[in-house]
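Heads up, the thing below is written out as structure tokens.
Residue numbers begin at 1 in each chain, while the letters A, B, ... track the order of the sequences.
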Number of protein chains: 2
Amino acid sequence: MIVKELKPEDKDILENLRINLDKNNEFMLGYPVSKDFDYQELIPFFKFPINNVGDPFEEGTNKVQTHFMEREVVSFFAKLFRAEINNYWGYVTNGGSESNLYGLYLGRELYPKAMVYYSDATHYSVRKNIELLNIPSIVIRSQKSGEIDYEDFENVIKLNRHRPAIVLTTFGTTMTEAKDDVSKIKNTLIHYGIQDHYIHCDAALSGSYGVFVEPRVPFDFVDGVDSISISAHKFIGAPIPAGVIITKKSNRDRVAKGVSVIGTLDTTITGSRNGHSVLFLWYALKKYGFEGLKQRYHHSLEVAAYCIQKLETIGIESWKNPGAITVILPRVSNEVILKWQLASQGAISHIICMPNVTKIQIDELINDMVKFPVIEQPVAVHF
Amino acid sequence: MIVKELKPEDKDILENLRINLDKNNEFMLGYPVSKDFDYQELIPFFKFPINNVGDPFEEGTNKVQTHFMEREVVSFFAKLFRAEINNYWGYVTNGGSESNLYGLYLGRELYPKAMVYYSDATHYSVRKNIELLNIPSIVIRSQKSGEIDYEDFENVIKLNRHRPAIVLTTFGTTMTEAKDDVSKIKNTLIHYGIQDHYIHCDAALSGSYGVFVEPRVPFDFVDGVDSISISAHKFIGAPIPAGVIITKKSNRDRVAKGVSVIGTLDTTITGSRNGHSVLFLWYALKKYGFEGLKQRYHHSLEVAAYCIQKLETIGIESWKNPGAITVILPRVSNEVILKWQLASQGAISHIICMPNVTKIQIDELINDMVKFPVIEQPVAVHF
């Protein structure tokens with residue numbers, strides 16, 4: 001009804017933003033975001049307010065939605081994670097935080113008196129989720145690799161045999177892409193007689209290629225988890241953050257409630273839900289398929305190996321976990337952190353070789369590291 | 001790297017979806033979603049994985065973001081809701097559920113022993129939020145209009161003077177667009193000496209035009225709230241569900257924590273955040289401005305009045321709350337509910353005259369109501 005043009009100064013702001021994003025997008029090697037997506041074909045859908053409100057496996061009143069695609073996406077991952085054919089459920093979330101919140105929420109609903117256990121290498125959002133859900137928790141040490149310290153876990157479990165346990169394992173930690181072994185966790189719980197337990201696997205980063213990792217690290221339903229979450233904007237790639245949570249249908253049924261205003265079941269954390277992300281994800285999975293995901297992973301592995309080798313030629317020792325696509329190196333200079341947006345923590349920085357990263361980019365990064373070396377801080381002398 | 005075409009059968013699925021959405025989108029009068037948005041100019045941004053991770057008022061490592069626009073959007077609404085100039089904060093959320101969760105979370109962090117009060121006309125997601133946050137709560141009756149029953153509220157408060165109170169008021173309820181009077185709530189709390197209180201206003205539907213409503217209903221910071229949330233995909237319109245939460249900066253500071261991996265403060269519910277919705281909202285506000293929002297509201301009011309008048313001509317008595325754009329009528333037939341996607345609850349249905357709704361559409365709907373009347377159920381006779 002009101003057709004107004006943007007003011008010239010606002011048009012300039014937009015244009016500058018576009019130019020800046022273009023530049024910054026090119027130099028992003030520190031965040032696990034694949035940038036080689038192409039959703040051109042989906043642009044006509046942007047005129048619809050697609051809203052996947054309610055349970056994707058139920059039909060509601062609202063018809064401007066993509067529930068049937070959501071069910072296909074959920075089924076794809078349920079199969080990938082070896083969920084029981086007749087006992088899985090899930091939905092497309094706004095990203096890792098919501099997915100993990102859902103997993104922990106189901107755990108708490110099943111075992112209201114449970115203690116949550118997670119390692120100190122776990123994604124920072126988990127602490128916030130636990131706080132939101134108001135559950136007591138104990139942080140377990142991680143090994144140098146970033147993997148949970150199974151001995152520390154066992155020692156803590158020994159002292160808490162009287163409480164149900166919710167364990168949040170990580171399959172691809174934020175800094176070192178370490179993968180917690182779900183079988184070992186499960187065995188410890190069983191060994192100490194904790195039958196009331198729930199394991200949620202945060203596979204945000206590595207879930208989409210977990211099945212191709214060699215040697216295999218146990219992380220899925222057959223290995224013993226009750227729910228798994230992945231991020232869609234990471235390995236697969238999407239303009240908008242999104243995630244998937246896969247859980248057992250039997251657990252979801254315990255929290256489902258009918259809501260007449262939407263004419264369906266309210267089983268998801270958010271009410272109105274992004275139906276475009278579902279469309280992106282469906283489209284990407286149709287295009288890539290199982291084989292495409294595998295090829296993407298192998299490309300990433302190759303670039304990661306190349307990166308380690310090239311770093312060695314300039315005298316920098318780097319390493320990566322087995323099967324990982326994340327290279328860990330001594331903290332780089334601030335100039336390099338800023339330009340390449342390398343996430344850095346304490347003494348380390350990392351380079352994540354997402355499927356869009358090329359050997360040419362690695363070469364450029366290494367040139368910059370030579371150009372802007374780390375300057376040793378003079379030791380302060382106090383008199 | 002893998003350039004694969006979509007299979008012909010998948011292309012067909014996409015094309016059918018587009019046709020269906022086009023059709024269903026046209027006949028949607030029961031959900032509060034403005035469909036007259038036009039974000040064509042923003043299409044070039046869809047190739048960027050814009051991620052507004054972290055606090056919008058802090059600078060992080062990731063540069064592919066629209067934080068500066070987010071700050072402008074937050075400031076616009078903070079001003080509209082008469083927040084203190086130097087004491088507001090906020091961010092763009094994934095929609096009403098996340099916004100309300102944030103408001104309730106801040107309330108709980110301030111007063112961990114509080115009781116939550118909300119009316120039975122409150123959005124269904126609030127109950128879920130309260131469950132997630134693990135806070136005890138009491139549901140207050142609502143009046144026939146949908147507004148909270150102030151007498152019932154007072155009676156309950158009288159019996160709970162020993163506990164801090166978190167009150168969730170609604171400014172535009174889901175079914176009847178009723179608006180709770182924040183001043184009356186505040187006065188009751190003060191009258192009974194409950195100094196430790198927090199009021200969150202869920203203004204998802206009516207917040208964007210609340211300032212134009214006559215007679216004015218108290219709902220903002222000057223009236224006494226501690227936080228307000230609105231939905232962006234409702235009155236303003238956006239392809240993707242989004243919301244805004246505005247709160248007092250001093251309250252946010254109490255929950256802020258630094259996170260090195262993103263090089264910024266983690267103050268939001270979700271970690272990775274949708275930067276495109278921020279762009280949409282910034283763009284819409286720049287285009288509409290204060291005057292544009294006012295015009296949109298007046299158009300809606302006019303269509304709502306027209307709707308009531310036309311319903312009268314076919315002998316159907318309908319009504320609306322003062323200043324509301326939602327028309328309440330006796331439950332229509334299932335054919336009409338399905339075609340026009342009219343949310344219906346018990347004996348009532350509603351028509352929401354969003355800014356995109358025209359008098360022609362109202363005429364068509366009324367024609368359908370004549371064509372598919374409600375068939376009286378024969379009364380069952382038992383012998």
Using a cut-off of under 4.5 Å on heavy-atom pairs, state which of [options] scores highest against chain B.
options                     : answer
A:Asn25, A:Asn134, A:Leu132 : A:Leu132
A:Gly275, A:Gly96, A:Ser272 : A:Ser272
A:Glu41, A:Gln40, A:Lys7    : A:Glu41

Which atoms of [X] come close to chain A, meaning under 4.5 Å heavy atom to heavy atom: side chain ones, backbone ones, both, or neither?
X        : answer
B:Phe46  : both
B:Leu14  : both
B:Arg108 : side chain
B:Glu109 : side chain
B:Asp38  : neither
B:Lys23  : neither
B:Val33  : side chain
B:Lys63  : both
B:Phe48  : both

Heavy-atom closest pair, residues B:Leu21 and A:Gln65: CD2-N, 3.8 Å
For B:Lys35 against A:Pro49, the heavy-atom pair lying closest together: CG-CG, 3.7 Å
Side-chain touch B:Asn274/A:Asn94, heavy atoms, less than 4.5 angstrom: no
Side-chain touch B:Pro239/A:Lys47, heavy atoms, less than 4.5 angstrom: no
A:Lys128 (side chain) donor-acceptor with B:Thr268 (main chain) under 3.5 angstrom: yes
Hey, which of [options] has the most heavy atom pairs under 4.5 Å with chain A?
options                               : value
B:Ser125, B:Gly289, B:Gly271, B:Gly95 : B:Gly271
B:Asn51, B:Ile50, B:Asp22             : B:Asp22
B:Ile43, B:Ile269, B:Ile337, B:Leu338 : B:Ile269
B:Leu279, B:Leu101, B:Ile13           : B:Ile13

Tell me, for [X] versus chain B, whether the close heavy atoms (under 4.5 Å) come from the side chain, the backbone, both or neither.
X        : value
A:Asn20  : neither
A:Phe37  : side chain
A:Tyr283 : both
A:Pro241 : side chain

A:Glu302 atom CD, over 12 foreign heavy atoms within 6.0 Å: no
B:Lys11 atom NZ, neighbour heavy-atom count above 12 within 6.0 Å: yes
Pair A:Glu5 + B:Lys287: basic N to acidic O under 4.0 Å: no
Value rounded to 0.5 Å, distance of NZ in A:Lys286 from CG in B:Asp10: 4.5 Å
